[in-house]
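Take a look at the structure set out below.
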Amino acid sequence: AFDARVRRVSGRFDPEVHQQMVLANAAAPLILGEAFLKATAGLSCEVGLVQLSSGAATHPMDKFANYCAAKIAVEMWCSTVSAELAARGDRRWVAAVRPGAVATPANGREATLPGSPRPAAEEGAPRQVDYVPPEHAGQRIWGALPPPAGVTVIDIAPLPERDPAA
């Protein structure tokens, strides 16, 4: 749950805001994932859990250190739990999905902030990011499920390659 109002430089967070961000973005997905595993233990059917990640898991973004760290934590949790489930012959699966730039209210607000990594285009200018409507992102996510064996991160909309010289 990224909140555009609290995007700050590392080391300058309000301690309460910092705690809220860590709980929402890092702790909550892991706690809910464990609750899912407990609730589905012993089922004989295939069942899966999708955790939301982001390209920020592998692409550092200025002023998003907590968010980036939380998303790589979610991906590592999915990878580790998937390996544990597979080793036990369990039919459950977990996967992290990187949905790409989805047109959400939070992204809309964030795009208007100075220094945004995904700034809103000025009227008449080409868009720097092509936001996908939520219903399209949802269709693409559902179309990728269940993931193939061994796949724990599904990248729906990969980020463009970075220029190493930049």
Side-chain angles (χ1 to χ4, degrees), residues 1-4 6-8 10 13 15-107 110 117-118 129-162 164:
F2 172 72
D3 186 342
V6 296
R7 192 168 56 91
R8 303 282 187 265
S10 296
F13 280 102
E16 288 183 35
V17 171
H18 184 245
Q19 182 179 7
Q20 290 171 358
M21 289 179 66
V22 170
L23 290 174
N25 292 307
L30 306 185
I31 291 167
L32 293 171
E34 287 296 323
F36 165 83
L37 293 173
K38 183 175 182 179
T40 59
L43 293 179
S44 60
C45 61
E46 177 183 358
V47 63
L49 172 66
V50 176
Q51 296 268 27
L52 285 179
S53 186
S54 167
T58 58
H59 290 78
M61 296 169 59
D62 187 36
K63 299 181 180 107
F64 284 77
N66 288 327
Y67 185 75
C68 295
K71 294 308 176 181
I72 196 64
V74 167
E75 291 187 9
M76 183 55 70
W77 183 87
C78 289
S79 295
T80 303
V81 169
S82 290
E84 291 173 1
L85 293 172
R88 295 193 304 249
D90 199 307
R91 293 185 64 195
R92 295 176 294 172
W93 53 265
V94 296
V97 174
R98 297 177 189 161
V102 180
T104 65
N107 278 339
E110 193 276 330
R118 295 181 175 170
V129 174
D130 288 324
Y131 286 94
V132 176
E135 58 274 14
H136 293 162
Q139 289 169 351
R140 292 179 5 204
I141 291 168
W142 279 112
L145 299 174
V151 173
T152 60
V153 177
I154 302 167
D155 205 338
I156 301 299
L159 293 173
E161 291 296 317
R162 287 187 164 187

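The structure displayed is predicted, hence computed values, not measured ones.
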Has the side chain of R98 got a donor or acceptor atom that lies under 3.5 Å from a matching backbone atom of V153?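 No.
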
Looking at H136 and V132, would you say the former's side chain and the latter's main chain have a donor-acceptor pair under 3.5 Å?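 Answer holds: no.
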
Should [X] and [Y] count as side-chain neighbours, where that means a heavy-atom distance under 4.5 Å?
{"X": "P29", "Y": "W77", "answer": "no"}
{"X": "L85", "Y": "L37", "answer": "yes"}
{"X": "K71", "Y": "F64", "answer": "no"}

Do you know which two heavy atoms are closest between [X] and [Y], and how far apart they sit?
{"X": "C78", "Y": "Q51", "value": "SG-CG, 3.9 Å"}
{"X": "V74", "Y": "A96", "value": "CG1-CB, 4.4 Å"}
{"X": "N66", "Y": "M21", "value": "CB-CE, 4.2 Å"}
{"X": "T152", "Y": "S79", "value": "OG1-OG, 2.9 Å"}
{"X": "A144", "Y": "I154", "value": "CB-CG2, 3.7 Å"}
{"X": "V102", "Y": "A137", "value": "CG2-CB, 3.7 Å"}

Mind checking the CD-CD spacing from Q20 to E16? Nearest 0.5 Å is all I need.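 It comes to 7.0 Å.
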
Q139 side, atom CD; I156 side, atom CD1 - distance, nearest 0.5 Å: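 Here the interatomic distance stands at 11.5 Å.
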
Counting only heavy atoms not in E46, do more than 12 fall under 6.0 Å of its CD?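 Correct, the count exceeds 12.
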
Kindly determine whether V50 and W93 satisfy side chain to side chain contact (heavy atoms under 4.5 Å, CB included), including the steps that lead there. CA-CA 9 Å; V50 176; W93 53 265; 4.0 Å; yes

